[in-house]
Amino acid sequence: MGLFDFFKPNKQNKTKQVEEDKPSEEQILFTEKVLEILGPEIEKFGFNIHGTVTKKYSSIITWRRKNQYIKVESTTYPTDYPFFYSLVFGVGDSENFIENDWNGASLTCFKNKFEDIKSFKPNFPVKNKMKESITQTLIDLQKYGETFLNND
């Protein structure tokens, strides 16, 4: 190996990276169920689908209405155990991590505030519990997110 061989692209590494970016079956199913169950409810309040990103270990689904957004994010990355997902209400730029981290509040925060359940955090559901878990998120969205959905 010569001095400049260090800077040559590694073909084997590129193949591995493409494989790692391939969406997992569980994340594909999660994205489909979120769009199927939560999508119609969110869209009836004037939000439009802004984008979906589904990867091997994560998903991000975003709806926008003018400067407001609703974002559903999930992670099954091995170091993020226990795996979870969240629904976030926000105002501003939904694509800028610093801004959406600052200007967003999760549905879990709303639920914890109103029900005083400090330990509640939605776990990423296994396949046979996916529909049930996202349906519960829909119920929570209707109950705790009403003021945001109505632009109050």
Side-chain angles (χ1 to χ4, degrees), residues 13-152:
N13 200 12
K14 283 184 181 179
T15 304
K16 185 178 177 186
Q17 185 176 6
V18 170
E19 249 178 52
E20 287 177 1
D21 289 343
K22 183 179 175 188
S24 67
E25 186 179 318
E26 65 186 352
Q27 288 294 341
I28 291 170
L29 180 62
F30 178 79
T31 300
E32 288 172 355
K33 290 297 177 190
V34 166
L35 291 171
E36 174 189 323
I37 297 168
L38 296 179
E41 181 69 16
I42 293 169
E43 290 168 4
K44 83 178 188 186
F45 287 93
F47 287 85
N48 296 310
I49 193 75
H50 180 68
T52 61
V53 178
T54 306
K55 296 181 179 179
K56 184 174 184 175
Y57 296 116
S58 65
S59 298
I60 301 172
I61 304 138
T62 309
W63 290 267
R64 290 197 61 82
R65 177 179 65 193
K66 296 181 183 174
N67 72 330
Q68 294 179 304
Y69 64 88
I70 295 175
K71 185 182 279 196
V72 176
E73 299 175 294
S74 70
T75 181
T76 55
Y77 199 77
T79 58
D80 290 341
Y81 193 81
F83 308 141
F84 67 94
Y85 70 97
S86 65
L87 185 146
V88 176
F89 303 107
V91 177
D93 185 358
S94 59
E95 305 305 312
N96 181 331
F97 172 75
I98 294 170
E99 187 170 334
N100 69 45
D101 190 46
W102 180 261
N103 294 326
S106 73
L107 179 60
T108 304
C109 290
F110 281 67
K111 186 171 183 170
N112 288 344
K113 181 171 175 70
F114 290 111
E115 290 194 9
D116 198 31
I117 304 171
K118 300 300 179 203
S119 62
F120 175 77
K121 188 174 189 179
N123 291 329
F124 190 86
V126 292
K127 284 183 190 179
N128 61 348
K129 300 284 185 179
M130 190 84 62
K131 185 175 181 177
E132 180 184 327
S133 178
I134 296 171
T135 300
Q136 182 58 52
T137 299
L138 173 63
I139 293 165
D140 292 344
L141 172 66
Q142 292 166 333
K143 186 175 180 179
Y144 304 107
E146 184 179 7
T147 55
F148 184 84
L149 291 170
N150 288 317
N151 202 18
D152 292 338

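Quantities reported herein were computed from a predicted structural model and do not represent experimental measurements.
- Counting only distance, with no hydrogens or angles, the side chain of Ser74 and the backbone of Ser59 share a donor-acceptor pair below 3.5 Å.
- Using cut-offs of 30° and 60° on the angle between ring planes, the pair Phe30 and Phe124 is tilted.
- Residues Lys131 and Glu36 are not paired through a salt bridge, judged by the lack of any N-O separation under 4.0 Å between the basic side chain and the carboxylate.
- To the nearest 0.5 angstrom, Met130 atom CE is 9.0 Å from Asn128 atom CG.
- To the nearest 0.5 Å, atom NZ of residue Lys56 and atom NZ of residue Lys22 are 9.5 Å apart.
- Distance CD/Gln142 to CG/Leu149: 9.0 Å, rounded to 0.5 Å.
- Looking at heavy atoms from C-beta onward, Asn151 lies out of side-chain contact with Phe45 at the 4.5 angstrom threshold.
- With values rounded to the nearest 0.5 angstrom, Ile61 atom CD1 is found 9.0 Å from Ile42 atom CD1.
- Relative orientation of the Phe148 and Phe89 rings is tilted, given thresholds of 30° and 60° on the angle between their planes.
- Proximity of Leu35 to Thr31: side-chain heavy atoms (C-beta onward) are separated by under 4.5 Å at one or more points.
- With contacts defined as side-chain heavy-atom distances shorter than 4.5 Å, the pair Val53/Thr62 does not qualify.
- Between Tyr69 and Val91, the shortest heavy-atom contact is CE2-N, 3.7 Å.
- No more than 12 heavy atoms of other residues, nucleotides or ligands sit less than 6.0 Å from atom CD of Glu146.
- When all heavy atoms of Pro23 and Ile28 are compared, the pair lying nearest together is CB-CG1, 3.7 Å.
- For Ser133 (side chain) and Lys129 (main-chain N/O), no donor-acceptor pair under 3.5 Å exists by modelled atom type.
- In this structure the side chain of Leu38 never reaches within 4.5 angstrom of the side chain of Glu41, judged on heavy atoms.
- For the pair Lys71 and His50, the minimum side-chain heavy-atom distance is 4.5 Å or more.
- Side-chain atoms of Thr137 and Ile37, non-hydrogen and from C-beta on, never get closer than 4.5 Å to each other.
- Among Lys66, Arg64, Arg65, the one residue that satisfies the side chain to side chain contact (heavy atoms under 4.5 Å, CB included) test with Gln68 is Arg65.
- The CG atom of Leu107 sits 9.5 Å away from the CD1 atom of Ile70 when rounded to the nearest 0.5 Å.
- Atoms OG1 and CD, from Thr75 and Gln27 in turn, are 7.5 Å apart once rounded to the nearest 0.5 Å.
- Residues Thr52 and Val34 fail the side-chain proximity criterion, which asks for heavy atoms closer than 4.5 Å.
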